[in-house]
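Below is one structure, written out as structure tokens; the observations come after it.
All ligand and atom numbering here is 1-based and tracks the order in the structure.
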Amino acid sequence: MTKLHAFTVYYVKKARNHRWRCSDVTFWCVDEHLCNQWIQALKELLEMQKSRPKQLLVYINPYGGKRQGKRIYEQKVAPLFSLASISTDVVITEHANHAKDNLFEVNIYKYDGVVCVGGDGMFSEVMHGLIGRIQKDSGIDQNNPKASLVQCNIRIGIIPAGSTDCICYSTVGISDPVTSALHIIVGDCQPLDVSSVHHNNMFLKYSVSLLGYGFYGDILKDSEKKRWMGPMRYDYSGFKTFLSHHYYEGTIAYQPAKHTLGSPRDKDSCRTGCYICKKSEQQLAEQHKDCGLKHEEGEEEWKVIKGKFLAINAVNMSCACPRSPKGLSPAAHLADGSADLILVRKCSRFDFLRYLVRHTNQDDQFDFPFVDVYRVKSFQFTSKLSEDNESNVMDIGKKRFGQFCRDHPACCCNIVNSTWNCDGETLDSSAIEVRVHCQLMKLFARGIEENCKDEAAYSQNSAEQLL
Ligand SMILES: CCCCCCCCCCCCC/C=C/[C@@H](O)[C@H](COP(=O)(O)O)NC(=O)CCCCCCCCCCCCCCC
Ligand SMILES: Nc1ncnc2c1ncn2[C@@H]1O[C@H](COP(=O)(O)OP(=O)(O)O)[C@@H](O)[C@H]1O
Ligand SMILES: [Ca+2]
């Protein structure tokens, strides 16, 4: 009988396992003026949310993971962005390094954030583009391993469409494109530690998830030849690498992270609004203030370990992913200015398997006599082979034996080098120097939220997050 007026509110609904969904509710009203007042008030409230992005630059890797990046973005993400009035410039990459190079050319400062659709490798590319561009614009030389890098305030959003998607999983709690899109829309912000990797005063790469030598380096190297297999390539190469059971000899020197409150053996992990990250960042800033710039990090205590290792893993975050929901170091922190250095010494195949299996269950993977874990702010690695080469102890017999071993990898010998797996990209050098830069960049995420047991709390919270 009477004409009804209406408006629809779209909001975030929290579902199980850290999944977010977009839901809507329509309000009806007979009074047109009242209806418009409500719409106006809601628009003004949204306008006040300054952390929400309005303009985004999007890079899509059409070949990542199961090659679904373009479809995922167009079908699941773009409609949400347009609902939230976010305007986008979309680049579908045509080759590796396209996104990275592009970030050095475009006016990045007009965007509120950069979104990458792909896996950890694609994220790494975008991160290198952004951090590299900011350093270039600020006149910082990335080749200087001691340079104090300029923080990047342009946030990166990850729409997972890759093979491992560990960075997304470890910062959101799930690899789900819709959940990640909603975190971008509500303007979440999660600072992230970044490690710089150098060799002989030459910048090689940045790393945020896994920097792995031995087991994970060998898996990556083998799996690159099997890209056609998609994400399965890692299981195939993982199995092969497990059987080959290579160990590598080398020396690690590290500086313990004294500013952090936590330890890698803690029972509690990094969660939204993490107190340990906040406190550790403050203490690090105070240390820097107290010591002034004259305090050289090189002067601080270094600990040295020599040995034969099946794997050397340095992680800036837990590295949780669907394959291992608790990750390589379950208590690692996203933004405490430290990395967890995990050393897995030579052991039997059976023991190594026991170690691997503990990544998938509740048992402690550090509780083995052949596994050590340290929280560090920097470390260096030199393989036995490069040490020998550098000191010119070139034994012809050893060289021949090295050749023999390359031809017969089943012999498990330790003469050849492995490669470093740096967030899913291989590094050219085996000798590296690594330094953690506290909170160098920011993501559109909020860390993993504490599991909410009470279902009612989900619906109560949901109303706060209007789109
Ligand atoms: C027996 C089962 C053991 C399962 C152990 C699983 C441990 C998984 C830890 C994964 C840490 C991942 C760290 C993240 C790395 C990514 O940055 C990086 C790049 O990702 P992107 O391709 O998306 O760009 N990904 C990777 O380097 C891949 C890591 C490979 C993980 C697969 C490991 C499978 C191991 C299978 C061993 C099988 C032993 C079987 C013995 C009978
Ligand atoms: N158009 C493209 N063609 C080929 N390689 C690309 C393209 N765009 C990005 N890449 C590269 O592909 C690599 C893997 O991408 P990623 O999205 O991480 O997929 P995956 O998780 O399957 O490894 C990255 O190193 C990236 O530089
Ligand atoms: Ca960290």
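Less than 4.0 angstrom separates some heavy atom of Gly162 from each of these atoms of ligand 2: 21 (O). Every atom of ligand 1 is numbered from 1 in the order shown, and the set under 4.0 Å from a heavy atom of Asp165 is 23 (O). Of all the atoms in ligand 2, the ones that sit under 4.0 Å from a non-hydrogen atom of Glu94 are 1 (N), 2 (C). In summary, the atoms of ligand 2 found under 4.0 Å from a heavy atom of Gly118, numbered by their order in the structure, are 17 (O). When each atom of ligand 2 is checked for a heavy atom of Asp120 under 4.0 Å away, the hits are 18 (O). Residue-ligand proximity, Gly119 to ligand 2, at heavy-atom distances under 4.0 Å covers atoms 16 (P), 17 (O), 18 (O), 21 (O).
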Side-chain donor-acceptor pairs of residues 68-84 under 3.5 Å, sequence neighbours excluded:
from, atom 1, to, atom 2, distance (Å)
Gln68, OE1, Arg71, NE, 2.6
Gln68, OE1, Arg71, NH2, 3.3
Gln68, NE2, Lys66, O, 3.4
Lys70, NZ, Glu74, OE2, 3.4
Arg71, NH1, Gln75, OE1, 3.1
Ser82, OG, Pro79, O, 3.3

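Looking only at protein heavy atoms, the nearest one to atom 27 (O) of ligand 2 is Glu125 OE2, 2.2 Å. Closest to atom 12 (O) of ligand 2, if we only count protein heavy atoms, is Asn61 ND2, 3.5 Å. Nearest non-hydrogen protein atom to atom 23 (O) of ligand 1 is Thr164 N, 2.8 Å. Residue, atom and distance of the protein heavy atom nearest to atom 18 (O) of ligand 2 are Gly121 N, 2.8 Å. Looking only at heavy atoms of the protein, atom 17 (O) of ligand 1 is closest to Asp120 OD2, 2.9 Å. The closest protein non-hydrogen atom to atom 14 (C) of ligand 2 is Arg227 NH2, 3.3 Å. Nearest to atom 10 (C) of ligand 1 among the protein's heavy atoms is Cys321 SG, 3.9 Å. Distance from atom 20 (P) of ligand 2 to its nearest protein heavy atom, with residue and atom name: Ser163 OG, 3.4 Å. Protein heavy atom at the shortest distance from atom 40 (C) of ligand 1 is Phe239 CD1, 3.7 Å. Scanning the protein heavy atoms around atom 4 (C) of ligand 1, the nearest turns out to be Thr360 CG2, 4.0 Å. For atom 8 (N) of ligand 2, the closest non-hydrogen atom on the protein side is Thr93 OG1, 2.7 Å. Here the heavy atom of the protein found nearest to atom 25 (O) of ligand 2 is Glu425 OE2, 2.7 Å. Nearest to atom 19 (C) of ligand 1 among the protein's heavy atoms is Gly424 CA, 3.4 Å. Looking from atom 3 (N) of ligand 2 to the surrounding protein, the closest heavy atom is Tyr63 CD1, 3.3 Å. At the shortest separation from atom 35 (C) of ligand 1 among protein heavy atoms lies Gly238 CA, 4.1 Å.
Metal site remark for the Ca ion (ligand 3): Met317 contributes no N, O or S atom at a distance under 3.0 Å. In summary, an N, O or S atom of Asp193 is located under 3.0 Å from the Ca ion (ligand 3).
Between the side chains of Ser280 and Asp336, no donor N or O sits under 3.5 Å from an acceptor N or O. A donor atom on one side chain and an acceptor atom on the other are found under 3.5 Å apart for Ser429 and His199. Side-chain contact, Ser430 with Asn417: a donor N or O sits under 3.5 Å from an acceptor N or O. Looking only at atom types and distance, the side chain of Asp268 has no donor-acceptor partner in the side chain of Tyr275 under 3.5 Å away. Judged purely by distance below 3.5 Å, without hydrogens or angles, the side chains of Gln365 and Lys326 pair a donor atom with an acceptor atom. Side-chain contact of Thr272 with Glu449: a donor-acceptor pair under 3.5 Å is absent, judged by distance alone. Side chain to side chain, His437 and Ser196 meet the donor-acceptor criterion of an N or O pair below 3.5 Å.
The closest approach of Asp336 to the Ca ion (ligand 3), by N/O/S atoms, is made by OD1. Among heteroatoms of the N, O or S kind in His333, O lies nearest the Ca ion (ligand 3).
Taking 4.0 Å as the cut-off, His98 does not count as a neighbour of ligand 2 on heavy-atom distance. Distances shorter than 4.0 angstrom occur between a heavy atom of Arg233 and an atom of ligand 2. Heavy atoms of Met317 come nearer than 4.0 angstrom to ligand 1 in no pair at all. Residue Gly65 places a heavy atom under 4.0 Å from ligand 2. Taking a 4.0 Å cut-off on heavy atoms, Lys100 fails to register as neighbouring ligand 2.
Checking Val58, Leu57, Thr88 one by one against Tyr111, the side chain to side chain contact (heavy atoms under 4.5 Å, CB included) holds for a single residue, Leu57. A side-chain hydrogen bond (donor to acceptor under 3.5 Å, both in side chains) with Asn316 is found for exactly one of Ser207, Ser329, Ser195, Ser209, namely Ser195. The residue from Val178, Leu443, Val172 that alone fulfils the side chain to side chain contact (heavy atoms under 4.5 Å, CB included) condition with His183 is Val172.
Closest heavy-atom approach to atom 3 (C) of ligand 1 within the set Val315, Leu356, Asn421, Ile219: this belongs to Leu356. Taking each of Tyr234, Phe123, Tyr236 in turn, the one with a heavy atom nearest to atom 34 (C) of ligand 1 proves to be Tyr234.
Looking at every heavy atom in both residues, Ala311 comes nearest to Phe215 through CB-CB, 3.9 Å. Closest non-hydrogen pair, Gly121 versus Glu425, comes out as CA-OE2, 3.6 Å. Tyr169 and Ile448 make their closest contact through O-CD1, 3.9 Å (heavy atoms, listed as atom of the first residue, atom of the second, distance).
Here the CG-CZ distance, from Leu343 to Phe366, works out to 10.5 Å after rounding to the nearest 0.5 Å. Between the CE atom of Met127 and the CG atom of Leu103 there is a distance of 12.0 Å, given to the nearest 0.5 Å.
A salt bridge links Asp372 with Arg345; the closest basic N to acidic carboxylate O contact falls under 4.0 Å. A salt bridge between Arg354 and Asp351 is present, with a side-chain N of the basic residue lying under 4.0 Å from a carboxylate O of the acidic one.
Polar contact with ligand 1: absent for His359 (N/O pair, distance under 3.5 Å). Checking only distances, Gly121 does come within under 3.5 Å of ligand 1, N or O to N or O. Considering backbone and side-chain atoms together, Gly64 places no N or O closer than 3.5 Å to any N or O of ligand 2.
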*Take Tyr59 and Lys100 through the test side-chain contact (heavy atoms from CB on, under 4.5 Å) and record every step on the way to the result.*
CA-CA 10 Å; Tyr59 293 102; Lys100 183 179 145 205; over 6 Å; no
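Thr93 is not listed as a side-chain neighbour of Asn102, based on a closest heavy-atom distance of 4.5 Å or more.
Under 4.0 angstrom from ligand 1, the non-hydrogen atoms of Ser209 all belong to its side chain.
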